[in-house]
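These notes concern the structure reproduced below.
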Amino acid sequence: MSSDLIAFFKWWLFIFIVGWVAFPITFRFFKNLDERGFTITKILGTLLVGFTHWILNIIGLSQNTQAGILLALVVLLAFAIWNLKMTGWRDFKKWVADHYKLIATTEIIFLLAFIGMAWLRAYNPDINGTEKPMELMFINSVLRSPSFPPQDAWLSGFSISYYYFGYILVAMIAKFTATTAGIAFNLAIALIFSMTFIAAFGVVLNLILKLNQKDSPTSNKILRFVPAALLGPLVL
């Protein structure tokens, strides 16, 4: 198995884990949605881990290392467990058992979108043109900075004077999965695409469910609307 495929699998596994860690949070706060926010768990989990990792570095309680990222993940896990306690483990477990087909379908859609864009990007992985070299510099700067704000590789002795949180997220996954910056750049493009795809799918699915259901539908009834909901990300 090539190093690129191993990196892809590690990125997918990281996103899979943070998504499930974040699910108790969306399960509580999106209780009025039939899918309980499951379609945005990967986005929310990545954002929360990234923000926690960033703020702990800023205030000097952590370092930009794999251990620091793991600490941020543990903090999110603790918050998720607290939300799970507030909601009730039995209700959470019952919903997952009743909607496992919807969960599996959502995971497959995300994975196929991730694979599809990574495969497409593999035909043109060059990082040149427009702002790509600058973006690669930002990712490398974040990867090499022991703490935040990250140092600017193009202006020695100064921190990056640019909005850099998106690069924090990319570099965070790259550092935790031991992925080189070049591969991380291309995987990030595929990840942004797949997250956008699954989020658009979730928005349209929830809109359809609100328009067509008066009572909370079963998993099988929700699955009937999946083909229609896929029109959202396909058009986007």
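Nothing here was measured: the structure is a model prediction, and the numbers come from that model.
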Any chance you could measure Phe225, atom CZ, to Leu230, atom CG, to the nearest 0.5 Å?
13.5 Å

Would you say Val235 ends up clustered with Leu207 if hydrophobic residues are merged whenever their side chains have heavy atoms under 4.5 Å apart, either directly or through other cluster members?
no

Whether the side chain of Asn64 engages the backbone of Ser145 through a donor-acceptor N/O pair (distance < 3.5 Å, no angle test) should be reported.
yes

Nearest heavy-atom neighbours spanning Trp154 and Pro133
CZ2-O, 4.1 Å

Any side-chain donor-acceptor pair under 3.5 Å between Asn206 and Glu35?
yes

Which distance, rounded to the nearest 0.5 Å, do you find between the CG of Leu205 and the CG of Leu209?
4.5 Å

If every non-hydrogen atom of Val142 is compared with every non-hydrogen atom of Ala171, which pair is closest and at what distance?
CG1-CB, 3.3 Å

Do Ile15 and Ile173 have side-chain heavy atoms sitting under 4.5 Å apart?
yes

Answer yes or no for Lys42 and Phe110: cation-pi contact, defined as NZ/CZ to six-membered ring centre under 6.0 Å and angle to ring axis within 45°.
yes

Do Val18 and Ile81 share a hydrophobic cluster, counting only Ile, Leu, Val, Met, Phe, Trp and Tyr and linking them when any side-chain heavy atoms are less than 4.5 Å apart?
yes

Val75 side chain reached by Phe79 side chain, heavy atoms, under 4.5 Å:
no

Just verifying a value: how many Å separate Ile168 CD1 and Ile139 CD1, rounded to the nearest 0.5 Å?
11.0 Å

To the nearest 0.5 Å, tell me how far Arg121 CZ sits from Asp126 CG.
7.5 Å

Ser147 backbone acceptor or donor facing Asn57 side chain under 3.5 Å:
no

Could you tell me whether Phe16 and Trp12 have their ring centroids closer than 6.0 angstrom?
yes

Quick one, Ile40 and Met195 - any side-chain contact, counting heavy atoms below 4.5 Å?
no

Under a 4.5 Å side-chain heavy-atom rule over Ile, Leu, Val, Met, Phe, Trp and Tyr, are Leu143 and Met134 clustered together?
yes

Where do Lys10 and Phe176 land on the side chain to side chain contact (heavy atoms under 4.5 Å, CB included) test, with the steps shown first?
CA-CA 9 Å; Lys10 289 192 292 185; Phe176 194 77; over 6 Å; no

In Å and rounded to the nearest 0.5 Å, what is the OG1 to CG distance from Thr177 to Leu187?
8.0 Å

Taking the side chain as every heavy atom from C-beta outward, state whether Val170 and Phe138 have any atom pair closer than 4.5 Å.
no

Both conditions, 6.0 Å and 45 degrees, for the charged tip of Arg36 above the ring of Phe30: are they met here?
no

Side-chain heavy-atom pair Leu33, Lys210 within 4.5 angstrom cut-off:
yes

When the ring planes of Trp54 and Phe51 are compared, do they come out parallel, tilted or perpendicular, using 30° and 60° as the limits?
tilted

So, do Leu102 and Phe38 sit near enough that their side-chain heavy atoms are less than 4.5 Å apart?
no

Can you tell me if Asp34 and His99 form a side-chain donor-acceptor pair at under 3.5 Å?
no

For side chain to side chain contact (heavy atoms under 4.5 Å, CB included), just list the numbers for Met86 and Arg28, CA-CA rounded to whole Å, side-chain angles, deciding distance to a tenth of an Å, and then say yes or no.
CA-CA 8 Å; Met86 297 295 293; Arg28 180 187 177 195; 3.9 Å; yes

Between Ser141 and Pro150 the two heavy atoms that sit nearest each other are O-CB, 4.2 Å

Do Tyr164 and Ile192 sit in the same hydrophobic cluster, where Ile, Leu, Val, Met, Phe, Trp and Tyr count as joined when their side-chain heavy atoms come under 4.5 Å apart?
no

What orientation do Phe27 and Trp95 show, parallel under 30°, tilted 30 to 60°, or perpendicular over 60°?
perpendicular

Decide yes or no for Thr87 and Phe92: does some side-chain heavy atom of the first lie under 4.5 Å from some side-chain heavy atom of the second?
no

Result of checking Thr105, Leu112, Thr106 against Ile109 for side-chain contact (heavy atoms from CB on, under 4.5 Å):
Thr105

Is it the case that more than 12 heavy atoms not belonging to Lys132 sit under 6.0 Å from its NZ atom?
yes

Taken to the nearest 0.5 Å, the spacing of Ile25 CD1 from Trp82 CH2 works out to 10.0 Å

Between Ile69 and Leu73, is the side chain to side chain contact (heavy atoms under 4.5 Å, CB included) condition met? List the steps.
CA-CA 6 Å; Ile69 299 168; Leu73 186 57; 5.7 Å; no

For Phe23 and Trp20, take the angle between the two ring planes, folded into 0 to 90°, and tell me which bin it lands in: parallel under 30, tilted 30 to 60, perpendicular over 60.
perpendicular

Linking I/L/V/M/F/W/Y whenever their side-chain heavy atoms sit closer than 4.5 Å, directly or via other members, would Met172 and Tyr162 fall into one cluster?
yes

Minimal heavy-atom distance between Leu191 and Phe114, with the atoms involved, is N-CE1, 3.6 Å

Smallest heavy-atom separation, Gln63 atom then His53 atom, equals O-CE1, 3.6 Å

In terms of heavy-atom contacts, Thr179 and Ala184 come closest through CG2-N, 3.8 Å

Side-chain contact, heavy-atom cut-off 4.5 Å: Phe29 with Asn83?
yes

Could you please spell out the steps behind the side chain to side chain contact (heavy atoms under 4.5 Å, CB included) verdict for Leu71 and Leu56?
CA-CA 9 Å; Leu71 174 61; Leu56 290 176; 4.0 Å; yes

